[in-house]
Amino acid sequence: MTTLRSFAVPALVGLILLGGPRATRAADTPAAKPPPPGIDASPSLKVARSASVALKPDGFLSRWWVLEPMPGDGRVTDSAIRAAAEKTYFPDQLAILPRAGETVTVSDARYTWHAVDSRRHNVNLYHFAYFLGKETSNVVFWGVTVVDSPEEIAGARLAVGSNAGSVWWVNGREVVGIYGDRQTQIDDGISKKLTLRKGPNVVRCLIVNNRGMVDFCARFLDADDNPIARLTHVAPAAASP
Amino acid sequence: MISFRWTALLLLLAPPAFALDGRVQIHDPSTLVRCDGKFYTYGTGSTVLVSDDGWTWRAGTTAARTGLAPDIIKLGDRYHLYVARNVGAQPKAEIEMISTRSLDPASPDYKWEPGGIIVGTDGVEDCNGIDPGLLLDRAGRLWLVYGSYFGFIRIVELDPKTGKRLDPAVKPVDIAINCEAAILIQQDEWYYLLATHGSCCQGANSNYNIRVGRARQPTGPFLDHDGFDMLQGGGKLFLGSESRLVGPGHFGRLELDRGVEVFSYHYEADLQRGGASVLAIRPLLWKDGWPVAGDNARGGTVMLESVRTGTVLELAVEGVPLSGGRGGPGRGGRGPGAPGAPGGPPAGAPGATGAAGAAGPGPGPGGGGPSRGPGGLFAGTGSPIAPQDVAVVAKNWPAGAIETRMANYLDQAQQKWTLAAVPDAGGYPGAPYFKITVAGTDRALAATADGELTTVPGFTGAAEQLWRVQQLTDGSYRIMPKSVPGAREPLALSAVGAGFATLQRFNPDSSRQRWNLKGL
């Protein structure tokens, strides 16, 4: 989590340079905070715009609806992450099927859902927060995605990795958690066997960070531990009852 | 083949052989053979041993011919038993073959039929025609080696359809000298000749030992690791006397599963059994192109390390760092030390499954806080750090079932497992079933009805709490429950990802089901 990806340094330098003249005027008037560059400026993420997207052969879930980060307490021990997972942040937090631009209010602060596609196997939440101008340290992220399965798939497992800890739900049932101060690793935490329904399946995660890098990756594995790639991301609304 | 691993560590494995259970007295046992789910071996005289599981043995029914040091092989649907006898003074001898469709006297197919004399020595020639050993090679050619001290070990080719000489006019080939109990095996591009050197039949004074050489052809030349030809007395030591077990001889190979092999033999004298000659079974390993005697799991406290991931199996509870943690900033991407476990209930919420843990670098309540000695951040405490007391940390563990996960080894209590043989629970070739408990507790590893892992507060002896711990040909171990409720096939402890273990079919081509048992 202390690792700043190489992109960050030139970006930060650029932002400082751009902010230079304003800083000169700061003695006279408060400097206006530059607008955040936005998700499409991220090297790893882009705003999701298509109606659906098929998974790549490696099976990683690439389209997510991510809520802007909310404050956490900076602890990532097993018990701290359990406490975070059991805390109520907003109504229906384990059932909500968000649309991009919708908001939730927590402790008088408003947070917006964003639909993003990742260009990589992982979803870089540091990029997400940074390019939205949000806090990256001591925060928690909620993520939701929906995958449509062409048939029922028994014996599947959700395989996740995250920085730092995380807890995961599939179709409303908690299936796996990974705890502690850790870095994202492919197939780090594996759920017990579960059955993917034919049609939409909702995957939900809570990522808890202390500071530094924060990201996650997730995919489904079949009974032989091979990635399940025959799934298609669809809008969460598709999973509405 | 996955690289050989010397991770079968001493605490777990010594002494070298785990005495089989039941009636195991035998001399010159044949290669083990399976028939209708039972294991059989035939020895000198009228001795026959049979076992349902390869661990507990009992006396079997004497075959239609008895004699010296038989060997047995299944060809098609028939078992062919080769039995030697001296016909007059040594080295005048002959080897006779009999065959049957079943080895079970209760079977209607149990009927020994004579096959005639296969080879003989006239008492003058430079060979004593006893101690047959058989190999059906990958090309489908059947080979018989024989001989005992009076001169050479010889080889002839047999007809795999009949078990008789393929061409009696072809002269036997000399392949070794000054040994007996020879047998060929084949591995990769090599034929290996295993033969017994030393003296037999003198109880605790016997100095039998098993030697090996290898050749590209079944007819030799068989050279040892130093290039000495077995025709001139060469032979790499495969197995000698150890501990209270004296005089190993009469090697026989049995493949239990792909990647899982054992060898049978006898000790001339088991001093713990009054010096009796006894059957023994051990894993057969392969290292650098040579067979190596493996070790049956015996018991002890270990860490169960996945060959695939390098992480170890642990209880899914929040670990308590050991005393002496630095508590300062970590490195390698880690943030500052966590403020320490609160001492409250551990992780592993009800309903949460497959929880995977990671190291928390900060000091916890059992950790004693930061300890920067006078030597600075990396100087340690200046005195040994006491092992974690499981009785203390286990107070925070849930009372009921606790799931398992995998994590980096940190010498914490939830990462240490004790393997202990379970009396009268049966076993498998070479070893008994074990219970696997968290060290210092009775909390036992168990298989669940849906083919996953859990731990239960107390060991009950149920089949899903009994574990087969078998060394594989690369030296790592396969760990399998005796049974999994509702499962249709045997399952093995398997690493899936870095942070989770489950039960899956054993795949010899994968490292998922391979574990290092490292003594603690």
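We name chains A, B, ... by the order of the sequence lines, and we start the count at 1 in each one. The shown structure was predicted, so the numbers you read here are calculated from the model rather than taken from an experiment.
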**Q** Less than 4.5 Å apart, any side-chain heavy atom of Val496(B) and any of Asp187(A)?
**A** no

**Q** Under a 4.0 Å threshold between the charged nitrogen and the carboxylate oxygen, would Glu318(B) count as salt-bridged to Arg82(A)?
**A** no

**Q** Against chain B, label Ala223(A) side chain, backbone, both or neither, depending on which of its atoms sit under 4.5 Å from a heavy atom there.
**A** backbone

**Q** Using the test side chain to side chain donor-acceptor pair (under 3.5 Å), find all partners of Asn138(A) that sit at least two apart in sequence or belong to another chain.
**A** none

**Q** Check whether any side-chain heavy atom of Gln504(B) sits under 4.5 Å from a side-chain heavy atom of Asp224(A), and report yes or no.
**A** no

**Q** If you count heavy-atom pairs under 4.5 Å between each of Gly451(B), Ala501(B), Gly497(B), Ser494(B) and chain A, which one has the most?
**A** Gly497(B)

**Q** So does Arg405(B) pair up with Asp78(A), basic N to acidic O under 4.0 Å?
**A** yes

**Q** Once you round to the nearest 0.5 Å, how far does CG of Leu503(B) lie from NZ of Lys193(A)?
**A** 7.5 Å

**Q** Kindly state each residue pair satisfying side-chain hydrogen bond (donor to acceptor under 3.5 Å, both in side chains) with at least one member in residues 449-458 of chain B, sequence neighbours excluded.
**A** Arg157(A)-Glu452(B), Arg443(B)-Thr455(B), Thr448(B)-Asp450(B), Glu452(B)-Thr502(B)

